[in-house]
Peer 1: 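Input: one structure, supplied below.
Here the structure is a predicted model, which means the values were calculated and not measured.
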Amino acid sequence: MNERILNGKKNGMLVMLLTILGMISAIAVFAGGVVLTETTDMLALGVIMAIVGGLGMFLGWIPLIGLKILKPQEALVLTLFGKYIGTLKGEGFYWVNPFCVAVNPAANTKLNQSGDVKTKAEVTANGVSVEMPNKRMSLKIMTLNNNRQKINDCLGNPIEIGIAVTWKIIDTAKAAFNVENYKEFLSLQCDSALRNIVRIYPYDAAPGIDTTGDGVADEGSLRGSSEVVAKRIRDEIQARVEEAGIEVVEARITYLAYAPEIAAVMLQRQQASAIVDARKLIVDGAVGMVEMALERLNEKGTVQLDEERKAAMVSNLLVVLCGNRDAQPVVNSGSLY
């Protein structure tokens with residue numbers, strides 16, 4: 001079902017004024033008829049005038065039901081006896097058929113998103129609080145902050161991830177009639193798309209993993225390729241909600257972490273990897289310093305060392321340079337040999 005925009009309906013003020021004038025005229029005709037019924041020769045005319053005026057007062061308010069007021073970025077989907085007749089869009093004072101009914105299947109749905117705080121207007125009748133559903137559809141950009149989900153990545157590690165999706169309605173007819181509830185539909189499709197994409201990637205870059213589907217291993221990961229992952233999630237959601245008349249503007253990862261049951265183990269793994277990398281860097285630097293020291297001593301001929309003494313010197317220097325604690329030197333006050 002495609003959207004049809006109702007044009008030429010911004011005549012609410014004119015209809016309201018004419019209705020008020022009609023009601024005043026009906027009251028005047030009714031009053032005149034009552035006066036004429038008191039005279040014998042004008043009795044018939046007075047009765048007719050009283051009946052016409054009474055009908056005018058009794059039915060004259062019906063056109064007021066068709067008055068609709070819309071604020072900027074609001075829309076009203078209208079049906080007449082169950083048939084979709086069109087949509088009112090844009091701010092203004094409208095008048096439509098009084099028997100038209102506004103449709104918004106998600107009027108009473110409240111999700112973790114912007115724009116849902118004021119979806120219900122609260123009124124008080126006889127001291128009792130009553131919630132009146134708002135049938136207007138918001139065309140503004142809204143943000144859906146979906147709940148965190150526990151999903152296994154491509155390596156089978158459970159992770160927790162949450163996304164925020166900004167979206168808006170671009171086709172009110174599809175949103176109202178193609179799905180039962182477009183807000184719940186969007187939320188469910190976000191969950192499904194998130195699971196499909198996250199299962200392709202590892203949490204951290206891992207060897208031999210193909211995340212692009214081209215058959216070549218790459219370094220894609222949830223932590224290191226967040227922009228790419230978010231774009232794929234956005235495209236996946238958009239393909240699923242096209243029939244609901246929704247446009248997904250952007251999707252962003254708001255939370256990403258290992259699940260609590262493996263978080264401690266993965267932290268130790270990351271720490272071990274960092275320690276290994278640091279040790280490798282320290283050893284490479286220490287070996288370079290030892291080589292430089294031996295070359296300088298050999299060039300200047302400061303000390304003549306045999307191979308055994310060189311090995312002892314290298315061992316001592318590596319212990320001093322690679323140790324976690326400060327070295328405790330032993331001073332030899334005797335002969336070198």
Peer 1: Between Ser138 and Glu74 (side chain of the first, backbone of the second, donor and acceptor by atom type, cut-off under 3.5 Å), is there such a pair?
Peer 2: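 No, because the side chain of Ser138 does not come within donor-acceptor range (under 3.5 Å) of the backbone of Glu74.
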Peer 1: Under 4.5 Å between any side-chain heavy atoms of Glu261 and Lys150, yes or no?
Peer 2: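 Answer yes - side chains close enough.
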Peer 1: Counting only heavy atoms not in Phe58, do more than 12 fall under 6.0 Å of its CZ?
Peer 2: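 No.
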Peer 1: Is there a continuous path of hydrophobic side-chain contacts, each under 4.5 Å between heavy atoms, that joins Met16 to Ile24?
Peer 2: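 Linked, Met16 and Ile24 end up in one cluster.
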Peer 1: Salt bridge (charged side-chain N to carboxylate O under 4.0 Å, His left out) for Glu91 and Lys71? Distances and angles first, verdict last.
Peer 2: CA-CA 4 Å; Glu91 70 275 15; Lys71 293 179 287 188; over 6 Å; no
Peer 1: Going from CG on Asn196 to CD1 on Ile233, what distance comes out if it is rounded to the nearest 0.5 angstrom?
Peer 2: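 Here the rounded value is 10.0 Å.
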Peer 1: Using a 4.5 Å cut-off on heavy atoms from C-beta on, say whether the side chain of Pro260 contacts that of Glu160.
Peer 2: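 Yes. Closest side-chain heavy atoms under 4.5 Å.
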Peer 1: Using side-chain heavy atoms (C-beta onward) and a distance below 4.5 Å, is Pro158 in contact with Asn152?
Peer 2: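 Touching, per the 4.5 Å side-chain cut-off.
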Peer 1: Any side-chain heavy atom of Asn145 within less than 4.5 Å of one from Ile163?
Peer 2: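 No; the side chains remain at least 4.5 Å from each other.
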Peer 1: Rounded to the nearest 0.5 Å, what separates atom CE in Met137 from atom CG in Asp171?
Peer 2: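 Interatomic distance, Met137 CE to Asp171 CG, rounded to 0.5 Å: 9.5 Å.
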Peer 1: Just wondering, do Phe177 and Thr79 contact through their side chains at under 4.5 Å, heavy atoms?
Peer 2: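 Yes. Closest side-chain heavy atoms under 4.5 Å.
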Peer 1: Only one of Gln238, Arg234, Arg232, Arg240 forms a side-chain hydrogen bond (donor to acceptor under 3.5 Å, both in side chains) with Glu236, so which one is it?
Peer 2: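 Only match with Glu236 under side-chain hydrogen bond (donor to acceptor under 3.5 Å, both in side chains): Arg240.
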Peer 1: Any side-chain heavy-atom pair from Thr166 and Met142 closer than 4.5 angstrom?
Peer 2: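 The answer is no; the side chains never approach within 4.5 Å.
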Peer 1: Is there a donor-acceptor pair closer than 3.5 Å between any side-chain N or O of Asn104 and the backbone N or O of Arg136?
Peer 2: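 Here the side-chain-to-backbone pair exists.
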Peer 1: Please determine, by modelled atom types, if Asp191 and Asn146 share a side-chain donor-acceptor pair under 3.5 angstrom.
Peer 2: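 Yes, a side-chain donor-acceptor pair sits under 3.5 Å.
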Peer 1: I'd like to know if the side chain of Glu247 reaches the main chain of Ile170, judged simply by a donor and an acceptor atom lying under 3.5 Å from each other, with no hydrogens or angles considered.
Peer 2: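 Side chain of Glu247 to backbone of Ile170: no pair is present.
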Peer 1: Check Asp235 with Lys231, please: is the shortest side-chain N to carboxylate O separation under 4.0 Å?
Peer 2: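 Counted as a salt bridge, because a side-chain N and a carboxylate O are separated by less than 4.0 Å.
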Peer 1: Apply side-chain contact (heavy atoms from CB on, under 4.5 Å) to residues Ile69 and Tyr94 and explain how you reach the verdict.
Peer 2: CA-CA 6 Å; Ile69 298 177; Tyr94 296 87; over 6 Å; no
Peer 1: More than 12 heavy atoms of other residues, nucleotides or ligands under 6.0 Å from NZ of Lys10: yes or no?
Peer 2: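 More than 12 within 6.0 Å, yes.
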Peer 1: Is a donor from one side chain sitting under 3.5 angstrom from an acceptor on the other, for Asp210 and Thr212?
Peer 2: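 The criterion, which ignores hydrogens and geometry beyond distance, is satisfied for Thr212 and Asp210.
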Peer 1: If you round to the nearest 0.5 Å, how far is CG of Asn178 from CZ of Phe185?
Peer 2: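 Rounded to the nearest 0.5 Å, the CZ-CG separation comes out at 9.5 Å.
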Peer 1: Find out whether Leu6 and Leu78 are in side-chain contact, i.e. whether some heavy atom of one side chain is under 4.5 Å from a heavy atom of the other.
Peer 2: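 Yes - at least one pair of side-chain heavy atoms lies under 4.5 Å apart.
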Peer 1: Mark yes when over 12 heavy atoms from residues, nucleotides or ligands other than Glu250 sit less than 6.0 Å from its CD; otherwise mark no.
Peer 2: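 Yes, CD of Glu250 has more than 12 neighbouring heavy atoms, counting only those of other groups under 6.0 Å.
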Peer 1: Under a plain distance cut-off of 3.5 Å, with no hydrogens placed, do Ser221 and Asp204 share a side-chain donor-acceptor pair?
Peer 2: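 Their side chains do not contain a donor-acceptor pair, so the 3.5 Å distance test is not met.
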Peer 1: Please tell me if the side chains of Val96 and Lys68 come closer than 4.5 Å, counting only heavy atoms from C-beta onward.
Peer 2: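 Counting from C-beta outward, Val96 and Lys68 do come under 4.5 Å.
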Peer 1: Inspect the contact between Glu227 and Arg252 and indicate whether a charged nitrogen and a carboxylate oxygen are less than 4.0 angstrom apart.
Peer 2: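 Between Glu227 and Arg252 there is a salt bridge, with a charged N closer than 4.0 Å to a carboxylate O.
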Peer 1: How long is the straight-line distance from CG of Leu21 back to OG1 of Thr19, given to the nearest 0.5 Å?
Peer 2: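 Output value for this atom pair is 9.0 Å.
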Peer 1: Should Leu194 and Leu256 be regarded as members of a common hydrophobic cluster, given that ILVMFWY residues are connected when their side-chain heavy atoms come within less than 4.5 Å of each other, either directly or indirectly?
Peer 2: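 Yes.
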Peer 1: Rounded to the nearest 0.5 Å, how far does CG of Asn147 lie from SG of Cys190?
Peer 2: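 One gets 11.0 Å once the value is rounded to the nearest 0.5 Å.
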Peer 1: Would you give the length of the straight line joining atom CH2 of Trp95 to atom CD1 of Ile65, rounded to the nearest 0.5 angstrom?
Peer 2: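 One finds 11.0 Å between CH2 of Trp95 and CD1 of Ile65.
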Peer 1: State, without any angle test, whether Arg223 and Tyr201 hold a side-chain donor-acceptor pair at a distance under 3.5 Å.
Peer 2: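 There is no such pair between these side chains.
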Peer 1: Can you hop from Leu70 to Val103 via hydrophobic side chains spaced under 4.5 Å?
Peer 2: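 They do not share one cluster, since no chain of ILVMFWY contacts under 4.5 Å joins Leu70 to Val103.
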Peer 1: Do Val15 and Ile20 belong together in a cluster built from hydrophobic side chains that touch within less than 4.5 Å?
Peer 2: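 In one cluster: yes.
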Peer 1: Say whether Ile237 and Trp167 are linked into one hydrophobic cluster, either directly or through other cluster members, by side-chain heavy-atom distances under 4.5 angstrom.
Peer 2: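 Linked, Ile237 and Trp167 end up in one cluster.
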Peer 1: Below 4.0 angstrom, N of the basic side chain to O of the carboxylate: do Glu3 and Lys89 qualify?
Peer 2: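 Yes, Glu3 and Lys89 are salt-bridged.
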Peer 1: Does the side chain of Thr87 come under 3.5 Å of the side chain of Arg4 through a donor N or O and an acceptor N or O?
Peer 2: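 Side-chain D/A pair, Thr87 to Arg4: absent.
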Peer 1: With Pro202, which of Ile159, Thr211, Leu222 fulfils side chain to side chain contact (heavy atoms under 4.5 Å, CB included)?
Peer 2: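 Exactly one option meets the side chain to side chain contact (heavy atoms under 4.5 Å, CB included) with Pro202, and it is Thr211.
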